[in-house]
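The block underneath contains the structure these notes are about, expressed in structure tokens.
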There are 2 protein chains.
Amino acid sequence: MQMSTNQVQRRPYPVPPTSPTEPDDIRLIGITMSVSRDQEIFGEGEPADQVFKVVKGAVRSFRLLSDGRRQICDFYLPGDVFGIELGADHRTTVEALTDTVLVVARRSTLGDEDDAGANRRLWRQAMKALQRSQDHAVTLGRRSASERLANFLVDMAARLGGGEALELPMSRQDIADYIGLTIETVSRTLTQFQILGLIRLAGCRSVQIQKPRTLAELCA
Amino acid sequence: MQMSTNQVQRRPYPVPPTSPTEPDDIRLIGITMSVSRDQEIFGEGEPADQVFKVVKGAVRSFRLLSDGRRQICDFYLPGDVFGIELGADHRTTVEALTDTVLVVARRSTLGDEDDAGANRRLWRQAMKALQRSQDHAVTLGRRSASERLANFLVDMAARLGGGEALELPMSRQDIADYIGLTIETVSRTLTQFQILGLIRLAGCRSVQIQKPRTLAELCA
DNA sequence: CACTTGCCTTGATTTCCATCAACGCCGCCG
DNA sequence: CGGCGGCGTTGATGGAAATCAAGGCAAGTG
């Protein structure tokens, strides 16, 4: 991670504005950290000695092919934990989608063997990531463009927790690279959804879901 | 799991024909179990109270969409562990590709909190699965048909450990459902590879890799 | 304000892969 | 042996999404 950048600010921990104790909540003991839009948090191949939790904002985790094609593995929203790795190194790059606040902890303090509770929560986070990745693989391998997008919207609506109104933190390009399409196809499919009355677009990042049922059916 | 089927045989444990202690080897204490070709080992949604290890043979783990489309999440070969879940239930169905021998353990005996070594090995297995799933997502989201197939062949060659000669345990349909293509495209691409001299097909499941370098470059 | 820049949308065309269809090969079984 | 069924290959055609190209819109800047 580039700690030298002046956009990164660190403050001593005392206010982790996380929700109370949820089942698999990790109350990271660490420092908070602010990252501005598009800034890299860590890069693929860098040593993975820290674990992060999103407090505010959102990030994208992705991998690049040699010729520049990008596959976004996941987006992490407030409450989500990322940066857990099997080996010594990170296998994805993570960047902030918007100005973002994180809590950081050293990995060693988490993997600590005598804290059974922390281990269990870490375990749950990792398995949740595995589940999401497998779901994602099904989408990428076997679903059509509209199914992918419907799925994406329904998932984001659920995770952002704003009911039928969502404020997307990512660009069209990010969406395209997440669901394995091009930016043009994403755009066309969204306007198609609007024409069909499934959604309403109020500004390109603000989506109102009009027919949740129909959209859910499209998820197949 | 269908224990009633007469094709499943169980014997009391005393011969787990696994290799000695590898770094992340799980020496499952359990019973061995024989499963014949195409038989289901467990189904999506069934309670996940057991963990399995392949001793001999191979299995496919997959999910179905409502209309029958199938996405194979992974193949498990000798030495691989599968069936580890976050929640109470399995999220994929697993079937034997060929006649297969497994070792089975109850999940509870593994998650046992005071066996730190077993926990660590379980952890490694789960994270390995996550890595593979993420790699898979990159392939499914951003690679062309020939890149997918090249990738598949190279990966299988490495995992089967037979150097340049591989005996595929799965059908064309299985390959297609793994890399997100149709059976026809898989077939065509394989013959294309053969025409280009990258591989040689000796019977449809027997592949000789002729130009490993070129094939590896195709993996992008 | 005029101009640039980045992001998004829309249209035209192309391409890759899916689909549809036929056939070959081979093991199996009557 | 001959027919049958499962699997794989090959060919012809179609279609969904990619690519190529142009233009709109809004925020930022001189």
Side-chain angles (χ1 to χ4, degrees), chain A residues 36-38 60 65 67-71 95 97-99 139-153 167-196 199-207 218 220, chain B residues 36-38 60 65 67-71 95 97-99 139-153 167-196 199-207 218 220:
Chain A
S36 51
R37 186 169 188 274
D38 286 332
R60 58 176 168 253
L65 297 185
D67 61 356
R69 280 174 289 177
R70 184 177 72 159
Q71 176 64 48
E95 295 173 349
L97 286 169
T98 61
D99 292 351
T139 293
L140 294 174
R142 286 292 174 222
R143 288 205 242 250
S144 71
S146 14
E147 290 170 341
R148 293 178 198 207
L149 200 54
N151 210 64
F152 171 75
L153 290 174
E167 207 59 40
L168 298 174
M170 71 291 285
S171 70
R172 294 287 184 272
Q173 187 64 64
D174 288 325
I175 299 174
D177 286 348
Y178 180 58
I179 59 182
L181 299 172
T182 59
I183 181 176
E184 292 98 329
T185 301
V186 170
S187 183
R188 274 187 250 273
T189 309
L190 279 173
T191 63
Q192 204 51 39
F193 281 180
Q194 185 162 25
I195 290 170
L196 294 171
I199 62 171
R200 234 174 62 72
L201 293 165
C204 55
R205 297 205 173 191
S206 175
V207 185
L218 256 183
Chain B
S36 51
R37 187 169 188 273
D38 287 331
R60 60 178 165 251
L65 297 184
D67 61 356
R69 280 173 290 178
R70 183 177 73 158
Q71 176 65 47
E95 295 172 350
L97 285 169
T98 61
D99 292 352
T139 294
L140 294 174
R142 287 290 174 224
R143 287 205 242 250
S144 71
S146 12
E147 290 170 341
R148 293 180 197 206
L149 199 54
N151 211 64
F152 170 74
L153 290 174
E167 208 58 43
L168 298 174
M170 71 290 286
S171 71
R172 294 287 184 271
Q173 186 64 63
D174 289 325
I175 298 174
D177 286 348
Y178 180 59
I179 60 182
L181 298 172
T182 59
I183 180 177
E184 292 97 330
T185 301
V186 170
S187 184
R188 274 187 251 273
T189 308
L190 279 173
T191 62
Q192 204 51 39
F193 280 179
Q194 185 162 25
I195 291 169
L196 294 171
I199 62 171
R200 236 175 59 73
L201 293 164
C204 55
R205 296 203 172 194
S206 176
V207 184
L218 257 182

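Residue numbers start from 1 in every chain, and the chains themselves are labelled A, B, ... in the order their sequence lines are given, proteins ahead of strands. Keep in mind the model is a prediction, meaning the values are calculated, not measured. Basis for what follows: all heavy atoms, side chains included, without hydrogens, waters or symmetry-related copies.
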Is there a donor-acceptor contact under 3.5 Å from the side chain of R143(B) to the main chain of L65(A)?
no
Backbone N or O of E167(A) within a donor-acceptor pair of the R205(A) side chain at under 3.5 Å?
no
Could you go through the side chain to side chain donor-acceptor pair (under 3.5 Å) check for D177(A) and Q173(A) one step at a time?
CA-CA 6 Å; D177(A) 286 348; Q173(A) 187 64 64; 3.2 Å; yes
R148(A)/T189(A) under side chain to side chain contact (heavy atoms under 4.5 Å, CB included): CA gap, chis, key distance, verdict
CA-CA 10 Å; R148(A) 293 178 198 207; T189(A) 309; over 6 Å; no
Can you tell me how far [atom2] of [N] sits from [atom1] of [X], to the nearest Å?
X       : N       : atom1 : atom2 : answer
Q173(B) : dG5(D)  : CD    : P     : 20 Å
I175(A) : dC7(C)  : CD1   : P     : 13 Å
I179(A) : dA16(D) : CD1   : C1'   : 14 Å
D67(A)  : dA18(D) : CG    : C1'   : 15 Å
L149(A) : dA16(D) : CG    : C1'   : 15 Å

Listed pairs, N/O of protein and of nucleotides 22-25 of chain C, under 3.5 Å:
none

Show your reasoning for whether side chain to side chain contact (heavy atoms under 4.5 Å, CB included) applies to I175(A) and L149(A).
CA-CA 9 Å; I175(A) 299 174; L149(A) 200 54; 4.0 Å; yes
Evaluate side chain to side chain contact (heavy atoms under 4.5 Å, CB included) for R70(A) paired with D174(A), printing each intermediate quantity in order.
CA-CA 9 Å; R70(A) 184 177 72 159; D174(A) 288 325; 2.9 Å; yes
I need the minimum non-hydrogen distance between L218(A) and A150(A), along with the two atoms involved.
CB-CB, 3.7 Å
For each nucleotide in nucleotides 9-20 of chain C, reading 5' to 3', give B when a protein heavy atom comes within less than 4.0 Å of its base, S when such contact involves only the sugar-phosphate, and - otherwise.
BBBB----SSBB
Could you measure the distance from the OG1 atom of T98(A) to the CG atom of D38(A)? Nearest 0.5 Å is fine.
9.5 Å
